[in-house]
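Structure first, then comments.
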Amino acid sequence: MAHIIVIGAGIGGMPAAYELRNKLGKDHDITVINAVDYFQFVPSNPWLAVGWRVQDDITFPIAPYLEKKGIGFIAKRVEKIVAEENRLLLDGGESVNYDYLVITTGPRLAFEEVPGAGPQGGYTQSICTTEHAAATWEHYRRLLDAPGPIVIGAMPGASCFGPAYEFALIMDNDLRKRKLRNKFPITFVTSEPYIGHLGLGGVGDSKGMLESEFRNHDIKWVTNARTTRVEEGKLHTTELDAHGNELKQHEIPFKFAMMLPAFKGVDAVAGVEGLCNPRGFVLIDAHQRSKKYRNIFAAGVCVAIPPVEVTPVPTGAPKTGYMIETMVTAIVENIAADLAGLPAEAKATWNAICLADMGDTGAAFVALPQIPPRNVNWFKKGKWVHLAKVAFEKYFIRKMKTGTSEHIFEKYVLKALGIERLER
(Lines give C-alpha, C1' and ligand atoms only; values in the text may rest on other atoms or scores of the structure.)
Protein backbone atom coordinates (compact mmCIF):
# COMPACT_ATOMS: atom_id res chain seq x y z
CA MET A 1 0.00 0.00 0.00
CA ALA A 2 1.39 3.40 -1.01
CA HIS A 3 0.83 6.72 0.72
CA ILE A 4 0.24 9.59 -1.69
CA ILE A 5 0.33 13.14 -0.30
CA VAL A 6 -1.10 16.13 -2.14
CA ILE A 7 0.20 19.51 -0.92
CA GLY A 8 -2.33 22.22 -1.65
CA ALA A 9 -6.13 22.10 -1.84
CA GLY A 10 -6.97 24.56 -4.60
CA ILE A 11 -8.33 24.04 -8.10
CA GLY A 12 -5.50 21.57 -8.73
CA GLY A 13 -5.13 19.85 -5.37
CA MET A 14 -8.76 18.98 -4.62
CA PRO A 15 -9.43 17.44 -8.06
CA ALA A 16 -6.09 15.60 -7.82
CA ALA A 17 -7.14 13.95 -4.56
CA TYR A 18 -10.53 12.91 -5.94
CA GLU A 19 -9.08 11.65 -9.20
CA LEU A 20 -6.41 9.66 -7.36
CA ARG A 21 -9.04 8.02 -5.17
CA ASN A 22 -11.19 7.17 -8.18
CA LYS A 23 -8.26 5.77 -10.14
CA LEU A 24 -6.53 3.84 -7.35
CA GLY A 25 -9.52 2.69 -5.35
CA LYS A 26 -9.07 2.04 -1.65
CA ASP A 27 -5.85 0.07 -1.96
CA HIS A 28 -3.71 3.13 -1.24
CA ASP A 29 -3.76 5.99 1.28
CA ILE A 30 -4.28 9.54 0.08
CA THR A 31 -3.74 12.61 2.25
CA VAL A 32 -4.22 16.28 1.39
CA ILE A 33 -2.21 18.88 3.32
CA ASN A 34 -3.20 22.54 3.11
CA ALA A 35 -2.17 25.63 5.05
CA VAL A 36 -5.81 26.54 5.80
CA ASP A 37 -8.81 24.34 6.50
CA TYR A 38 -11.04 25.65 3.73
CA PHE A 39 -11.23 25.57 -0.07
CA GLN A 40 -11.33 28.90 -1.89
CA PHE A 41 -12.54 29.38 -5.45
CA VAL A 42 -9.93 31.94 -6.49
CA PRO A 43 -11.48 32.83 -9.90
CA SER A 44 -14.32 34.58 -8.03
CA ASN A 45 -12.02 36.91 -6.10
CA PRO A 46 -12.61 39.93 -8.39
CA TRP A 47 -16.31 39.72 -7.50
CA LEU A 48 -15.55 39.38 -3.79
CA ALA A 49 -13.33 42.49 -3.97
CA VAL A 50 -16.27 44.70 -5.07
CA GLY A 51 -18.84 43.16 -2.74
CA TRP A 52 -20.60 41.00 -5.35
CA ARG A 53 -19.74 37.93 -3.28
CA VAL A 54 -19.03 37.22 0.39
CA GLN A 55 -16.40 34.73 1.49
CA ASP A 56 -18.97 32.08 2.41
CA ASP A 57 -20.18 32.08 -1.20
CA ILE A 58 -16.84 30.88 -2.56
CA THR A 59 -15.29 28.91 0.32
CA PHE A 60 -16.18 25.75 2.23
CA PRO A 61 -14.50 23.52 4.85
CA ILE A 62 -12.32 20.86 3.25
CA ALA A 63 -12.22 18.01 5.75
CA PRO A 64 -15.86 16.81 5.66
CA TYR A 65 -15.88 16.42 1.88
CA LEU A 66 -12.52 14.65 1.62
CA GLU A 67 -13.41 12.33 4.47
CA LYS A 68 -16.50 11.15 2.60
CA LYS A 69 -14.15 9.82 -0.06
CA GLY A 70 -11.76 8.22 2.40
CA ILE A 71 -9.12 10.91 1.88
CA GLY A 72 -7.15 12.18 4.86
CA PHE A 73 -6.73 15.90 5.51
CA ILE A 74 -4.23 17.91 7.55
CA ALA A 75 -4.74 21.67 7.91
CA LYS A 76 -1.14 22.71 8.48
CA ARG A 77 1.57 24.51 6.58
CA VAL A 78 4.40 22.38 5.20
CA GLU A 79 7.61 23.82 6.60
CA LYS A 80 10.07 21.58 4.79
CA ILE A 81 10.20 18.80 2.21
CA VAL A 82 12.91 16.28 3.07
CA ALA A 83 12.93 14.74 -0.39
CA GLU A 84 15.79 12.30 0.22
CA GLU A 85 13.81 10.73 3.08
CA ASN A 86 10.32 10.98 1.48
CA ARG A 87 9.18 13.03 4.45
CA LEU A 88 7.43 16.32 5.18
CA LEU A 89 7.92 18.50 8.23
CA LEU A 90 4.78 20.40 9.17
CA ASP A 91 4.11 23.50 11.20
CA GLY A 92 4.25 22.47 14.87
CA GLY A 93 6.91 19.79 14.35
CA GLU A 94 4.76 16.96 12.96
CA SER A 95 6.43 14.66 10.43
CA VAL A 96 4.60 12.78 7.66
CA ASN A 97 6.06 10.16 5.31
CA TYR A 98 5.02 9.66 1.70
CA ASP A 99 5.65 7.28 -1.18
CA TYR A 100 4.50 9.79 -3.80
CA LEU A 101 4.23 13.54 -3.43
CA VAL A 102 1.98 15.75 -5.58
CA ILE A 103 2.74 19.47 -5.30
CA THR A 104 -0.17 21.79 -6.14
CA THR A 105 0.66 24.61 -3.74
CA GLY A 106 0.16 27.54 -6.06
CA PRO A 107 2.64 30.43 -5.74
CA ARG A 108 4.18 32.62 -3.10
CA LEU A 109 3.19 36.23 -3.75
CA ALA A 110 6.44 38.14 -4.20
CA PHE A 111 5.27 41.59 -3.08
CA GLU A 112 8.74 42.25 -1.65
CA GLU A 113 10.17 42.63 -5.15
CA VAL A 114 8.61 46.11 -5.42
CA PRO A 115 9.11 48.26 -2.30
CA GLY A 116 5.82 49.49 -0.91
CA ALA A 117 3.72 46.83 -2.67
CA GLY A 118 1.24 44.49 -1.03
CA PRO A 119 -1.52 44.62 1.56
CA GLN A 120 0.76 43.78 4.50
CA GLY A 121 2.96 46.79 5.16
CA GLY A 122 2.50 48.22 1.68
CA TYR A 123 0.11 50.50 -0.15
CA THR A 124 -1.44 48.24 -2.81
CA GLN A 125 -4.27 45.77 -2.49
CA SER A 126 -4.50 42.22 -3.88
CA ILE A 127 -7.12 39.77 -5.14
CA CYS A 128 -4.82 36.74 -5.14
CA THR A 129 -6.50 35.07 -2.14
CA THR A 130 -9.99 35.30 -0.68
CA GLU A 131 -8.54 36.99 2.41
CA HIS A 132 -6.86 39.61 0.24
CA ALA A 133 -10.00 40.10 -1.85
CA ALA A 134 -12.16 40.52 1.27
CA ALA A 135 -9.73 43.13 2.60
CA THR A 136 -9.74 44.86 -0.81
CA TRP A 137 -13.54 45.11 -0.57
CA GLU A 138 -13.19 46.90 2.76
CA HIS A 139 -10.75 49.39 1.22
CA TYR A 140 -13.03 49.85 -1.76
CA ARG A 141 -16.03 50.55 0.50
CA ARG A 142 -14.08 53.31 2.21
CA LEU A 143 -13.01 54.66 -1.17
CA LEU A 144 -16.63 55.14 -2.21
CA ASP A 145 -16.99 57.80 0.50
CA ALA A 146 -13.72 59.54 -0.47
CA PRO A 147 -13.41 59.50 -4.28
CA GLY A 148 -10.07 59.68 -6.02
CA PRO A 149 -7.89 58.08 -8.71
CA ILE A 150 -7.62 54.30 -9.01
CA VAL A 151 -4.64 52.28 -10.26
CA ILE A 152 -5.04 48.63 -11.28
CA GLY A 153 -2.59 46.34 -13.02
CA ALA A 154 0.37 43.99 -12.71
CA MET A 155 3.94 44.28 -11.47
CA PRO A 156 7.10 43.27 -13.37
CA GLY A 157 7.40 39.49 -13.55
CA ALA A 158 3.65 38.92 -13.14
CA SER A 159 2.21 36.01 -15.09
CA CYS A 160 -1.51 35.94 -14.26
CA PHE A 161 -2.86 39.08 -15.94
CA GLY A 162 -6.48 38.06 -16.51
CA PRO A 163 -7.70 38.90 -12.98
CA ALA A 164 -6.31 42.45 -13.27
CA TYR A 165 -8.34 43.05 -16.44
CA GLU A 166 -11.39 41.48 -14.83
CA PHE A 167 -11.07 43.60 -11.70
CA ALA A 168 -10.60 46.86 -13.66
CA LEU A 169 -13.72 46.28 -15.75
CA ILE A 170 -15.77 44.85 -12.88
CA MET A 171 -14.91 47.88 -10.71
CA ASP A 172 -15.78 50.18 -13.61
CA ASN A 173 -19.13 48.41 -13.94
CA ASP A 174 -19.81 48.61 -10.22
CA LEU A 175 -19.04 52.34 -10.11
CA ARG A 176 -21.34 52.95 -13.07
CA LYS A 177 -24.14 51.08 -11.33
CA ARG A 178 -23.62 53.37 -8.32
CA LYS A 179 -23.56 56.41 -10.68
CA LEU A 180 -20.15 57.32 -9.28
CA ARG A 181 -17.85 56.44 -12.18
CA ASN A 182 -17.26 60.12 -13.05
CA LYS A 183 -15.53 60.63 -9.69
CA PHE A 184 -12.91 57.87 -10.14
CA PRO A 185 -10.22 58.12 -12.85
CA ILE A 186 -8.83 54.63 -13.55
CA THR A 187 -5.34 53.87 -14.91
CA PHE A 188 -4.23 50.36 -15.85
CA VAL A 189 -0.48 49.89 -15.30
CA THR A 190 1.00 46.64 -16.60
CA SER A 191 4.32 45.02 -17.37
CA GLU A 192 2.83 43.60 -20.60
CA PRO A 193 4.25 45.07 -23.82
CA TYR A 194 0.71 45.93 -24.94
CA ILE A 195 -2.84 45.70 -23.68
CA GLY A 196 -4.16 42.18 -24.24
CA HIS A 197 -0.78 40.46 -24.25
CA LEU A 198 -1.93 38.40 -21.22
CA GLY A 199 1.46 36.71 -20.86
CA LEU A 200 0.58 34.74 -24.00
CA GLY A 201 1.81 37.00 -26.77
CA GLY A 202 -1.82 37.97 -27.35
CA VAL A 203 -4.69 35.67 -28.30
CA GLY A 204 -6.63 36.40 -31.46
CA ASP A 205 -7.49 40.10 -31.44
CA SER A 206 -7.14 40.43 -27.67
CA LYS A 207 -5.07 43.61 -28.16
CA GLY A 208 -7.64 45.41 -30.26
CA MET A 209 -10.64 44.20 -28.28
CA LEU A 210 -9.27 45.04 -24.84
CA GLU A 211 -7.90 48.39 -25.96
CA SER A 212 -11.35 49.19 -27.36
CA GLU A 213 -12.94 48.03 -24.10
CA PHE A 214 -10.66 50.29 -22.08
CA ARG A 215 -11.33 53.27 -24.38
CA ASN A 216 -15.08 52.72 -24.18
CA HIS A 217 -14.85 52.64 -20.38
CA ASP A 218 -12.50 55.63 -20.01
CA ILE A 219 -9.64 53.55 -18.62
CA LYS A 220 -6.19 54.93 -19.42
CA TRP A 221 -3.18 52.63 -19.56
CA VAL A 222 0.59 52.39 -19.29
CA THR A 223 2.26 49.32 -20.82
CA ASN A 224 5.86 48.10 -20.65
CA ALA A 225 5.65 49.47 -17.13
CA ARG A 226 8.60 48.65 -14.88
CA THR A 227 7.08 49.60 -11.54
CA THR A 228 9.92 50.32 -9.13
CA ARG A 229 8.25 51.42 -5.91
CA VAL A 230 4.99 52.45 -4.33
CA GLU A 231 4.53 55.24 -1.82
CA GLU A 232 1.37 56.16 -0.01
CA GLY A 233 -0.82 57.62 -2.73
CA LYS A 234 1.77 57.38 -5.51
CA LEU A 235 3.02 54.61 -7.82
CA HIS A 236 6.42 55.04 -9.49
CA THR A 237 6.90 53.26 -12.80
CA THR A 238 9.22 53.56 -15.81
CA GLU A 239 7.66 53.04 -19.22
CA LEU A 240 10.03 51.29 -21.65
CA ASP A 241 9.98 51.17 -25.43
CA ALA A 242 9.95 47.99 -27.52
CA HIS A 243 13.74 47.71 -27.23
CA GLY A 244 13.80 48.01 -23.44
CA ASN A 245 14.99 51.63 -23.43
CA GLU A 246 13.53 54.14 -21.00
CA LEU A 247 10.69 56.04 -22.62
CA LYS A 248 9.05 57.94 -19.79
CA GLN A 249 8.98 58.17 -15.99
CA HIS A 250 5.52 58.11 -14.41
CA GLU A 251 4.43 59.11 -10.92
CA ILE A 252 0.81 58.00 -10.88
CA PRO A 253 -1.34 59.27 -7.99
CA PHE A 254 -3.97 57.02 -6.42
CA LYS A 255 -6.46 56.79 -3.61
CA PHE A 256 -6.80 53.04 -4.26
CA ALA A 257 -4.40 50.63 -5.99
CA MET A 258 -4.63 46.91 -6.78
CA MET A 259 -1.47 45.55 -8.41
CA LEU A 260 -0.94 41.84 -9.01
CA PRO A 261 2.55 40.75 -7.91
CA ALA A 262 5.10 38.48 -9.51
CA PHE A 263 4.98 34.87 -8.31
CA LYS A 264 7.67 32.68 -6.79
CA GLY A 265 7.62 29.15 -5.45
CA VAL A 266 6.49 28.66 -1.86
CA ASP A 267 9.38 28.40 0.60
CA ALA A 268 9.06 24.70 1.43
CA VAL A 269 9.14 23.77 -2.26
CA ALA A 270 11.78 26.29 -3.32
CA GLY A 271 14.07 25.09 -0.53
CA VAL A 272 14.51 21.57 -1.93
CA GLU A 273 17.87 21.29 -3.67
CA GLY A 274 17.53 20.33 -7.32
CA LEU A 275 13.74 20.47 -7.35
CA CYS A 276 13.17 23.99 -8.66
CA ASN A 277 14.46 26.76 -10.90
CA PRO A 278 15.93 29.94 -9.32
CA ARG A 279 12.45 31.39 -8.73
CA GLY A 280 11.29 28.31 -6.89
CA PHE A 281 9.10 26.73 -9.57
CA VAL A 282 9.24 22.94 -9.92
CA LEU A 283 11.27 21.61 -12.84
CA ILE A 284 9.33 18.75 -14.43
CA ASP A 285 9.68 16.33 -17.31
CA ALA A 286 7.02 15.70 -19.95
CA HIS A 287 5.06 13.60 -17.46
CA GLN A 288 4.73 16.22 -14.66
CA ARG A 289 7.46 14.46 -12.65
CA SER A 290 10.42 16.11 -10.98
CA LYS A 291 13.59 15.78 -12.99
CA LYS A 292 15.53 14.86 -9.86
CA TYR A 293 13.04 13.12 -7.54
CA ARG A 294 11.10 10.49 -9.47
CA ASN A 295 8.31 10.17 -6.90
CA ILE A 296 7.52 13.90 -6.81
CA PHE A 297 5.01 15.37 -9.26
CA ALA A 298 3.72 18.92 -9.66
CA ALA A 299 0.80 20.70 -11.31
CA GLY A 300 -0.48 24.24 -11.62
CA VAL A 301 1.11 27.60 -10.91
CA CYS A 302 3.98 25.98 -8.97
CA VAL A 303 5.33 24.40 -12.20
CA ALA A 304 8.20 25.99 -14.14
CA ILE A 305 7.01 27.08 -17.58
CA PRO A 306 9.14 29.49 -19.65
CA PRO A 307 7.66 32.78 -20.92
CA VAL A 308 6.14 32.55 -24.38
CA GLU A 309 8.45 35.32 -25.56
CA VAL A 310 11.00 37.86 -24.34
CA THR A 311 9.38 41.16 -23.35
CA PRO A 312 11.00 44.51 -22.43
CA VAL A 313 9.68 44.17 -18.88
CA PRO A 314 9.66 40.55 -17.62
CA THR A 315 6.35 38.72 -17.92
CA GLY A 316 5.49 35.11 -17.17
CA ALA A 317 3.14 32.61 -18.80
CA PRO A 318 -0.19 31.93 -17.05
CA LYS A 319 -1.42 28.47 -16.12
CA THR A 320 -5.14 28.34 -16.83
CA GLY A 321 -7.67 25.97 -15.30
CA TYR A 322 -7.94 23.63 -18.27
CA MET A 323 -4.16 23.27 -18.46
CA ILE A 324 -3.99 22.53 -14.71
CA GLU A 325 -6.73 19.91 -15.08
CA THR A 326 -4.76 18.07 -17.74
CA MET A 327 -1.63 18.25 -15.58
CA VAL A 328 -3.53 16.62 -12.72
CA THR A 329 -4.87 13.85 -14.94
CA ALA A 330 -1.39 13.13 -16.30
CA ILE A 331 -0.04 12.87 -12.74
CA VAL A 332 -2.78 10.47 -11.69
CA GLU A 333 -2.25 8.26 -14.73
CA ASN A 334 1.52 8.22 -14.24
CA ILE A 335 1.35 7.39 -10.53
CA ALA A 336 -1.04 4.55 -11.33
CA ALA A 337 1.36 3.32 -14.01
CA ASP A 338 4.31 3.47 -11.63
CA LEU A 339 2.41 1.48 -9.00
CA ALA A 340 1.71 -1.14 -11.67
CA GLY A 341 5.37 -1.26 -12.67
CA LEU A 342 4.72 0.44 -16.00
CA PRO A 343 6.50 3.44 -17.54
CA ALA A 344 4.97 6.92 -17.38
CA GLU A 345 3.29 7.85 -20.64
CA ALA A 346 0.58 10.43 -19.85
CA LYS A 347 1.25 14.06 -20.74
CA ALA A 348 -0.57 17.32 -20.05
CA THR A 349 -1.70 19.82 -22.67
CA TRP A 350 -0.23 23.26 -23.25
CA ASN A 351 -3.61 24.59 -24.33
CA ALA A 352 -4.84 27.80 -22.68
CA ILE A 353 -8.58 28.34 -22.30
CA CYS A 354 -10.19 31.02 -20.16
CA LEU A 355 -13.50 32.69 -19.32
CA ALA A 356 -12.94 36.26 -18.08
CA ASP A 357 -15.71 38.39 -16.57
CA MET A 358 -16.11 42.10 -17.33
CA GLY A 359 -19.01 42.94 -15.05
CA ASP A 360 -22.04 42.63 -17.32
CA THR A 361 -20.24 41.02 -20.24
CA GLY A 362 -17.12 38.90 -20.60
CA ALA A 363 -14.37 37.62 -22.86
CA ALA A 364 -13.28 34.08 -23.68
CA PHE A 365 -10.03 33.05 -25.28
CA VAL A 366 -8.62 29.83 -26.66
CA ALA A 367 -4.92 29.40 -27.47
CA LEU A 368 -4.04 25.95 -28.83
CA PRO A 369 -1.23 25.49 -28.04
CA GLN A 370 -0.35 28.18 -25.53
CA ILE A 371 2.92 29.10 -27.26
CA PRO A 372 2.47 30.55 -30.79
CA PRO A 373 2.20 29.75 -33.65
CA ARG A 374 -1.13 28.12 -32.84
CA ASN A 375 -3.63 25.77 -34.38
CA VAL A 376 -6.52 27.64 -32.74
CA ASN A 377 -6.23 31.29 -31.75
CA TRP A 378 -9.35 33.27 -30.93
CA PHE A 379 -10.74 35.82 -28.48
CA LYS A 380 -14.46 36.55 -28.29
CA LYS A 381 -16.64 38.84 -26.20
CA GLY A 382 -20.27 38.59 -25.13
CA LYS A 383 -22.72 38.61 -22.26
CA TRP A 384 -22.83 34.82 -22.57
CA VAL A 385 -19.28 34.68 -21.15
CA HIS A 386 -20.36 36.55 -18.02
CA LEU A 387 -23.29 34.17 -17.56
CA ALA A 388 -21.10 31.14 -18.27
CA LYS A 389 -18.55 32.15 -15.64
CA VAL A 390 -21.24 32.75 -13.01
CA ALA A 391 -22.67 29.30 -13.72
CA PHE A 392 -19.21 27.73 -13.74
CA GLU A 393 -18.50 29.08 -10.25
CA LYS A 394 -21.55 27.26 -8.90
CA TYR A 395 -20.80 24.14 -10.92
CA PHE A 396 -17.17 23.86 -9.82
CA ILE A 397 -17.89 24.41 -6.12
CA ARG A 398 -20.69 21.84 -6.22
CA LYS A 399 -18.41 19.32 -7.90
CA MET A 400 -15.72 19.87 -5.25
CA LYS A 401 -18.30 19.14 -2.57
CA THR A 402 -19.60 16.00 -4.23
CA GLY A 403 -16.09 14.68 -4.81
CA THR A 404 -16.18 14.29 -8.56
CA SER A 405 -13.26 12.91 -10.51
CA GLU A 406 -14.59 14.02 -13.89
CA HIS A 407 -12.78 16.60 -15.99
CA ILE A 408 -14.67 19.71 -14.92
CA PHE A 409 -13.02 22.25 -17.21
CA GLU A 410 -13.26 19.94 -20.20
CA LYS A 411 -16.89 19.10 -19.53
CA TYR A 412 -18.11 22.59 -18.76
CA VAL A 413 -15.83 25.24 -20.30
CA LEU A 414 -15.32 23.48 -23.61
CA LYS A 415 -19.07 22.95 -23.87
CA ALA A 416 -19.68 26.64 -23.13
CA LEU A 417 -17.25 27.54 -25.92
CA GLY A 418 -18.83 25.10 -28.35
CA ILE A 419 -15.76 22.87 -28.45
CA GLU A 420 -16.45 19.13 -28.30
CA ARG A 421 -13.01 17.90 -27.35
CA LEU A 422 -9.35 18.84 -27.41
CA GLU A 423 -6.40 16.60 -28.00
CA ARG A 424 -4.33 16.21 -24.86
So, are [X] and [Y] salt-bridged, with charged N and O less than 4.0 Å apart?
X	Y	result
R108	D267	yes
K234	E251	yes
K389	E393	no
D218	R176	yes
R226	E239	no
E113	R279	yes
R215	E213	no
R294	D285	yes

Reported [atom1]-to-[atom2] distance for the pair [X] and [Y], which is rounded to 0.5 angstrom:
X	Y	atom1	atom2	result
W47	E166	CH2	CD	7.5 Å
T320	M323	OG1	CE	4.5 Å
L210	F161	CG	CZ	13.0 Å
S44	K394	OG	NZ	7.0 Å
E84	E273	CD	CD	7.5 Å
N45	C128	CG	SG	8.0 Å

Strictly by modelled atom types, are [X] and [Y] linked by a side-chain donor-acceptor pair under 3.5 Å?
X	Y	answer
Y194	N224	no
H407	T329	yes
Y293	N86	no
T237	T227	yes
E192	T223	no

Could you tell me if the side chain of [Y] sits less than 4.5 Å from the side chain of [X], heavy atoms only?
X	Y	value
W378	V376	yes
P115	V230	no
F379	D205	no
V222	K248	no
Q370	L200	yes
V385	D357	no
L260	P163	yes
P46	W52	no

Steps toward side-chain contact (heavy atoms from CB on, under 4.5 Å) verdict (L20, I335): CA-CA 9 Å; L20 281 163; I335 288 177; 4.2 Å; yes

Centroid separation F184 to F256 less than 6.0 Å: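 Centroid separation for F184 and F256: 6.0 Å or greater.
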
Ring centroid separation Y165 to F214 under 6.0 Å: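 Ring centroids of Y165 and F214 are less than 6.0 Å from each other.
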
Heavy-atom pair of closest approach, residues [X] and [Y]:
X	Y	value
P156	S191	CA-CB, 3.8 Å
A317	I305	CB-CG2, 4.3 Å
F167	I127	CB-CD1, 3.9 Å
K255	P147	NZ-O, 3.6 Å
I331	A298	CD1-O, 3.5 Å
A9	I62	CB-CD1, 3.6 Å

Plane angle bin for F297 and Y100 - parallel if under 30°, tilted between 30 and 60°, otherwise perpendicular: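 Answer is tilted, since the angle falls between 30° and 60°.
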
With distance as the sole test, does [X] use its side chain to make a donor-acceptor pair with the main-chain N or O of [Y] at under 3.5 Å?
X	Y	answer
N334	H287	yes
H386	G359	yes
S212	G208	no
T104	G8	yes
D57	R53	no
S206	G196	yes
D241	G244	yes
T59	Q55	yes
S95	L89	no

Chi angles and distances behind the side chain to side chain donor-acceptor pair (under 3.5 Å) call for T238, E246: CA-CA 7 Å; T238 302; E246 183 175 321; 5.1 Å; no

Among T31, I81, I74, the one residue meeting side chain to side chain contact (heavy atoms under 4.5 Å, CB included) with I7: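 Passing option: I81.
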
Salt bridge (Lys or Arg N to Asp or Glu O under 4.0 Å) evaluation trace for R181 with D172: CA-CA 7 Å; R181 180 64 179 86; D172 169 269; 2.6 Å; yes

Lys/Arg cation over aromatic W221: K207, 6.0 Å, 45° cone: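 Because its charged atom misses either the 6.0 Å distance or the 45° angle limit, K207 does not stack over W221.
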
Cation-aromatic face contact K319/F281, 6.0 Å, 45 degrees: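 Because its charged atom sits under 6.0 Å from the ring centre and within 45° of the axis, K319 does stack over F281.
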
Counting neighbours of [atom1] on [X] that are heavy atoms of other residues, nucleotides or ligands and sit closer than 6.0 Å, is the number greater than 12?
X	atom1	answer
K292	NZ	yes
K80	NZ	no
K399	NZ	yes

Full working for side-chain contact (heavy atoms from CB on, under 4.5 Å) between S126 and F111: CA-CA 10 Å; S126 165; F111 292 113; 3.8 Å; yes

Chi angles and distances behind the side-chain contact (heavy atoms from CB on, under 4.5 Å) call for V54, W137: CA-CA 10 Å; V54 297; W137 162 232; over 6 Å; no

Criterion side-chain contact (heavy atoms from CB on, under 4.5 Å) on I5 and V96, from CA distance to verdict: CA-CA 9 Å; I5 291 181; V96 185; 3.4 Å; yes

